[in-house]
Structures are given as C-alpha cells and as structure tokens.
Amino acid sequence: MNAPATIAPKKQHLIDPEICIRCNTCEETCPVDAVTHDDNNYVVDPEKCNFCLDCISPCPTGSIDNWRIVARAYSLKEQFSWGELPFQEQIEIQTSVESGGDLEASDDDAARLIAEAHLGAGGKSVAPASAGKPKINLFNRGRPAAATVSGNFRLTDPDADNDVRHVILDFGGAAFPVLEGQSIGIIAPGADKDGKPHKIRLYSVASPREGEKSGANNLSLTVKREGDGVCSNYICDLKKGDQVQVTGPFGATFLMPDDPSANILMICTGTGSAPFRGFTERRRRNMKDAPGRMMLYFGARRPEELPYFGPLQKVPDGLLRKHFAYSRVPGEPKTYVQDRMRATPDEVAAFLKNAKTHVYLCGLKGMETGVDEAFADICRNAGLDWAALRAVMRAQGRYHVETY
Ligand code: A2P
C-alpha cells in the first residue's frame, strides 16, 4: 500500500491591524519584501514570507507577532480589508489515503502547530525571566487614554544643540499600568498634508512603575525635539494642563528584571537613557538593598547635552556606576560609548562573566555595531566568546536591544 499523501495546513504570518501603528519598520526590515501596505493596513504576503523572523524584534508594538494555521492563506486583498485579525479557524487537515478515507486533525495538532509558530516568532527577543507581566495594548487610536500634562522641563542647557524635554503625563482616574522599559504612543492632533491623521509615535517611559511621583497616577517621557518632526515638536511644546491622547502600553521584552540580585549593564545615547532612568529609580526607591549591581555607559555630545546630567551626578556609585562618553567637547578626542567600554574592559568583563547579568542597549541604531565590536574585543581578551555568550544571553532573556 502507498504511503498516505498529506496536505499539511500552512502557518501564516499576519499583522494585527488593531495594534499596528503603521511605523513602516517591518516593511523596511523584511529582507524578501514580504511586508507591504495600503492606506488601511500593513500586511504580509504569504507567497513571499519565508519565516526568517527578522521583522519580529524591531516591531515596537508586537503587532507583527501574529500567526494563524490556515488551510488556505489569507490573500493580500483580504488582509488589506481587515479592521481586526480573524479568529483561528478550526482546521481540517485533509489526509487522503489510497483507500480514499478523509481524516480530521485533532485540536491538539492545530494547537501544537500554533505553539510552534509562536515559539519561533518569539525566539529572538525574550523578556527577563523575573520581569513583571506587562500589560500591553490597553489603549489604541480608536480608544486612546486621555492624559493631562503636569510638567514639561528642559533637560539640556539653554545653549545646547538638542532641546530634550522631561514631560510628565497624569492619567487622573484612568488605569494606565506600565513597567520599566515599556513605551507609550502619542497621537499628535490634526492631520498631515493628505488629510490623514498623524502617525502614532512611540516614546519610552522614563519613570518607574509606580509613577514619576509615588502615589500619583503619572509617568514621564524623555523627548528630543526633532527638526520638523510633528509629534516631537507637539510634545516639546506642551504646556501644563494640556490634554494628550495616549496609546499602549507597548513592549513585552525590553523589561527590567525584578530579581534584586540581577546585574544590569546599560548602554545608551541621548534619549535612549529614558528606560534606564526608570530602572534606576525602581532600584533606588523600591529595592534599596538589592545585591545586584547596575552600570551605565551614556553617550552625548557634551555634558550640557546629556539628559539628566545633574540628577545623575547625585546617584551614588553604589547604586549606579556611571561612565560618560562625550563626542564633541572642544579640545578633547571624540569619544563614543564603545570607546568608554574599551577603556574599562575589566568592569565590562566582570559583568559579562556573571550569569545574573542583563545587558541593555538603547538609543542610536548606529551604536549597535560599535558596541558589539567592543563587547567582542573585551571578551576575547577576557577568555570569553562573545558570539556564543550573546546567543545564550539572548535566549535567556538577558540581552536586550532597542535602537532607532
Ligand atoms: P556625534 O557627535 O558623532 O553625533 P545625539 O546628540 O545626536 O542624540 O547623539 C548622542 C550621542 O551619540 C552623540 O555623542 C553622538 O556623537 C553619538 N553617536 C553618534 N553616532 C554614534 C555611533 N555610531 N556609535 C556611538 N555613538 C554615536
């Protein structure tokens, strides 16, 4: 008798239109041009997607990480028309055998296939094992949270090149729970030149989970005015009492370990310092006796350009070991974070050798390669294999990158 010919159900990669903020990151990232969009939705072409998963970790909202097991793939036309994702349909796996018998797949088969698909998708970016369980996507464009501005302070010197702001948003009676490392979306009012609503922009939360001020239902952001950027100018110009439409929270992997014995090595440029302020405040306020160590490499043009420069000086070294790298101080060599790391190899190696260490990178995308090379060199001289170590740390949720 001939072996049965099985027509297997297919795994299909989909984007959740309710959560997607249309930032185009997935389309830019996809190496095989499988992601495309129309005026309504970003979608994945089932004919082109090869499940390489390159698009998964850069997606700021997690909307990209959706999978269905389908007997027939949803077409681009169908996906463009969606306002929400379809439910997982009950799959009938047609198994044709010579005798002509048809079998139905058990629910277990479908569940296993879905689980496998998801495991692959999430495999690149993993939350720390001890991180809190984040709430995500509580508010969206159709149903935003209303926040009131309770403060807007300039963080950089008046004569600095960059205008970076510390903006505090109060949620009044509405619950908007965030964990350190999560982001929120801001909707600038009005429409673009084509009459379409402005894109939602994401900003990392700079305060710890209990708020900018303990007991107040608020959070803070670190926002840099970007040339003619609509949303950043809108935020930087906000006045006390203004109302802001907020979406999110977003982000389920770039989270702080809750384990007090976890060591945290943070590397950032400019406003990439926002989540690390949240991490530091969490330890300072709620985990005073934490045995885990924290170390920060922070890059800016000059001290006057470095967000939170003043307050950072007051954070004791016992809580946070600080290394600053300045690139534009007159008369001094241009120094980047990776240069400071190379100048302090023993400190970096001591962190990396410890199995309780988590590494976080946040800020300019350009620093990724330089920092990676610095890690590789430091490891080589310390008898470590960075590529292997990074793979282990990533799989264990101990290596986290958020760059833009
Ligand atoms: P640079 O003086 O070369 O611009 P910004 O002020 O634009 O937000 O940048 C923050 C800091 O990040 C600046 O000191 C900037 O230096 C630095 N920077 C720029 N490119 C890189 C890179 N590839 N790696 C590390 N740091 C970088």
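When a ligand or atom number is given, it counts from 1 through the structure's own listing order. Residue indices begin at 1 and follow the sequence shown.
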What's the verdict on salt bridge (charged side-chain N to carboxylate O under 4.0 Å, His left out) for Arg154 and Asp163, showing C-alpha distance, side-chain angles and the deciding distance? CA-CA 7 Å; Arg154 184 166 166 133; Asp163 178 10; 3.5 Å; yes
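Looking at residues two or more places apart in sequence or on another chain, you find a side chain to side chain donor-acceptor pair (under 3.5 Å) between Glu78 and Arg72, Ser75. Judged as a salt bridge (Lys or Arg N to Asp or Glu O under 4.0 Å), and not counting sequence neighbours, Glu373 has no contacts. Under the salt bridge (Lys or Arg N to Asp or Glu O under 4.0 Å) criterion, Asp161 pairs with Arg301, sequence neighbours left out.
Annotation: ligand 1 has protein neighbours Asn162, Lys224, Thr269, Gly299, Ala300, Arg301, Ser327, Arg328, Lys334, Tyr336, Gln338, Leu364, Gly366, Met367, each with a heavy atom less than 4.0 angstrom from the ligand.
Formation of a donor-acceptor pair under 3.5 Å by the Asp377 side chain with backbone atoms of Ala374 is not found in this model. Proximity of a side-chain donor or acceptor of Lys365 to a complementary backbone N or O of Gly363 within less than 3.5 Å is not detected.
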